[in-house]
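Counting starts at 1 for both ligands and their atoms, in listed order. Heavy atoms only: backbone and side chains are in, while hydrogens, waters and symmetry mates are out.
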Amino acid sequence: MSNARADRGPDRTDDLTAEQQYVSTLYDKLDELRRDATKRLTDTLRQTGGTPQARTERDISTTMYTDKLTQLSAVEHGLCFGRLDLDSDEVFHIGRLGLFDEEREYEPLLIDWRAPAARPFYLATAAARDGVWRRRHLRSKWRTVVDLEDEILDLDAGEQGSDLGLAGEATLLAALDARRTGQMGDIVATIQAEQDRIIRAPMNGVLVVQGGPGTGKTAVALHRAAYLLYTYREQLTKRGVLVVGPNSTFLRYIGQVLPSLGETGVLLSTAGELFPGVSATAPESAEAAEIKGRGVMVNVLNSAVRDRQRVPKEPIEVLFDREPLSVGKNLVSNARSRARRSRKPHNHARKIFRKEMISGLTNQVADRLGRDLLDRRDLDDIGAELRADDAVTEVLDSLWPQLTPQQLLDDLLSTPKRLTTAARKHLTDQERQALLRAPGSDWTPADASLLDELAELLGEDDTKAREEQARQEREELAYAQGVLHLMEQDEEIADEERLRVSDVLDAELLAQRHRTRSDLTAAERAAEDRTWTFGHVIVDEAQELSTMAWRVLMRRCPSRSMTLVGDIAQTGALGGAASWHEVLSPYVMDRWQLAELTVNYRTPAEIMSVAADVLAAMDTDLEPPASVRTSGHAPWTRQVPESDLPAVLPELVRAELDAVDGTLAVLLPPEHLDEVGARIAEQVPEAEVGDQQDELEARVVVLTVDQVKGLEFDSVLVADPDRILGESARGLNDLYVALTRSTQRLGVVHTSGVPSVLGGLA
Ligand SMILES: Nc1ncnc2c1ncn2[C@@H]1O[C@H](COP(=O)(O)OP(=O)(O)OP(=O)(O)O)[C@@H](O)[C@H]1O
């Protein structure tokens with residue numbers, strides 16, 4: 001904090017010099033903190049041996065100092081980006097983390113952007129100054145301050161900014177005009193007021209953020225995660241924050257934002273990745289995915305589970321002690337009813353079924369041997385023998401098997417008879433046909449929600465895992481005790497050297513036993529645990545999720561502390577949302593808040609006016625977001641016969657690359673992806689096709705609309721819009737998404753005239 005009024009002078013160079021001096025002292029402070037954290041970490045790592053408790057404490061310290069160092073390196077760029085001058089003559093510098101002067105009673109040197117004191121930097125206006133008379137935006141390159149922008153919040157000074165009420169407009173536009181890199185960046189320096197209100201909204205309850213393309217929904221969602229982790233640190237570090245995105249390309253695109261804000265304890269995942277141990281990425285038809293996402297699948301799965309709890313039509317004979325036992329309809333039916341009445345999941349209720357069956361069969365054996373001759377102990381022995389008998393076990397397992405979600409779903413989707421039995425009442429013949437596939441097929445994203453639902457219906461049987469863990473622990477303990485015992489018998493036990501060796505051995509083993517994986521963050525533990533519940537869940541492109549996927553997410557967040565961001569007009573999935581009310585009412589009735597974002601920071605006005613026609617064709621009541629800027633490039637069109645697309649598109653891509661300084665996306669209907677994509681990749685060395693690990697680093701990327709959700713590029717080439725429109729019932733939504741991905745330029749390559757919905761282009 002420093003004195004302000006003296007800085008009010010108009011000399012820009014002096015101002016820059018003064019700011020540079022201040023910012024340099026901040027970097028000195030940052031370096032000092034880094035040196036300190038490095039030293040502490042090295043000291044900790046140097047220590048060895050000690051008691052199990054000391055080791056655990058060391059693990060915790062190591063994690064703490066490593067996190068600290070990660071956080072301190074994350075804030076290197078743009079450490080300080082703003083300054084507030086208050087009427088009280090105080091000055092606050094705002095930056096990516098809080099820094100304090102220990103020698104002056106911890107006076108703040110830099111205020112963390114998330115702290116309450118930084119709020120006016122984002123919210124103060126001339127009409128509501130909140131004690132601020134000047135807001136200054138600093139632009140830096142590495143550690144050098146290169147520019148500054150002042151806003152005098154004084155009604156007499158005239159209204160600042162545009163009609164959209166933007167803060168720090170020049171700084172904002174400079175950020176928006178910068179060419180894209182394939183990785184989303186953070187926006188801490190230029191968060192706008194409508195975004196800030198969402199980022200800092202209270203954590204509890206469900207907040208829906210609805211906004212058109214480019215309104216910063218993703219950016220806001222990620223900054224909200226960082227804000228919540230800062231404000232509710234203790235609560236959220238324990239339970240973690242989950243951010244769900246539509247596909248892995250999108251997750252790679254946003255992957256750097258939170259680390260750049262110094263936050264690493266967040267699990268980023270697609271809905272399909274939430275079932276641990278299963279990679280659910282195989283493609284499937286939109287129709288099959290839609291059917292699997294329907295709420296009625298709960299009934300289908302329920303029936304499929306019940307179908308595995310069988311009653312034999314004819315008695316089954318099983319030899320026990322060389323005499324036949326009869327496993328008849330009544331016996332099984334009674335046992336099944338009892339087990340079902342327990343309302344426990346299938347694998348847990350199986351124990352009840354087995355108990356009832358063993359008791360029934362024990363009675364049969366007892367009757368055969370003469371019940372009067374047997375006492376309680378004899379009956380228990382017969383029961384134990386029946387339980388251990390292979391033939392009996394085989395019959396019982398066939399009537400009520402132990403099942404995993406994977407087994408059951410694979411069987412269900414690859415056995416027409418099973419699917420018909422389970423789904424006859426809920427799906428048509430044609431729909432069932434669309435679900436059938438070969439046994440052992442790879443899992444698709446829509447399968448993941450079904451597996452999760454089945455895990456609930458079946459219940460996990462962890463008896464074996466628990467027995468195994470207990471056995472390991474016993475072995476480790478026995479080994480340690482054995483080693484110590486041998487040493488005690490040894491004459492050399494008195495030797496101090498040997499004693500220390502035994503100490504270390506014992507400590508090692510005990511430490512292993514006591515290790516509760518303190519080295520893992522909540523996010524890492526959550527990723528491995530299907531039943532983990534999160535402190536807060538953020539869903540991006542939330543309009544795309546199916547009813548079944550929502551059920552999974554709601555199970556992961558029983559507290560319903562959630563932020564859901566999306567745009568109903570961009571819904572592409574056939575089973576996606578048509579309204580937020582429809583999605584949320586089964587879980588929270590109408591107890592959710594709606595916040596709207598209205599300004600488009602991505603798409604220039606020239607392109608947005610074309611996209612607005614498509615939006616109007618969807619629903620005349622939908623308002624397009626207002627673009628912050630123009631690019632000066634009118635969208636262009638070109639007619640190319642469909643059969644010539646493979647030959648001509650590579651040429652058009654090359655021409656467009658000459659015209660744009662930055663990245664280019666070619667958006668194709670899925671049918672063209674293989675052939676046209678391959679030709680582009682052949683002829684344009686900078687191009688990558690489809691959902692690759694490294695496509696975002698490429699200057700040109702060829703994608704379908706489904707794959708481009710949430711992404712942005714400097715130039716976009718949309719090919720065969722007629723096909724995109726005709727492809728699904730959501731064709732207009734898909735075209736709207738495609739058109740709004742560009743930050744600068746747009747080209748539309750059509751095959752038989754510009755579609756009427758793109759009238760503005762003709
Ligand atoms: N306040 C801001 N300052 C600087 N850049 C911003 C700001 N808000 C948004 N942006 C930028 O605008 C672009 C669009 O933001 P984002 O991707 O979050 O929008 P979106 O609403 O999720 O879009 P869509 O629904 O189309 O995927 C991004 O490049 C983002 O960094």
Worksheet entry | Salt-bridge present (D186, R96; N to O < 4.0 Å) | yes

Discussion item. Quick check against the 3.5 Å criterion: does K709 have a side-chain atom that pairs as donor or acceptor with the backbone of T571?
Written reply: no

Practice prompt. Test I680 against every option in V689, L717, V653 by the side-chain contact (heavy atoms from CB on, under 4.5 Å) rule and name the one that passes.
Written response: V653

Fill in: Residue pairs, two or more places apart or on separate chains, that pass ring-ring contact (aromatic ring centres under 6.0 Å, His included) and touch residues 183-227
W113-H223

Fill in: Pair D85 + R136: basic N to acidic O under 4.0 Å
no

Worksheet item: What are the two closest non-hydrogen atoms of L274 and L242, and how far apart are they?
Response: CD2-CD1, 4.1 Å

Worksheet entry | Pocket residues of ligand 1, ordered first by chain and then by residue number (heavy-atom cut-off under 4.0 Å) | L172, L176, R180, M184, I187, T190, I191, Q192, Q195, G212, P213, G214, T215, G216, K217, T218, A219, E541, Q570, Y601, R602, G710, E712, R741

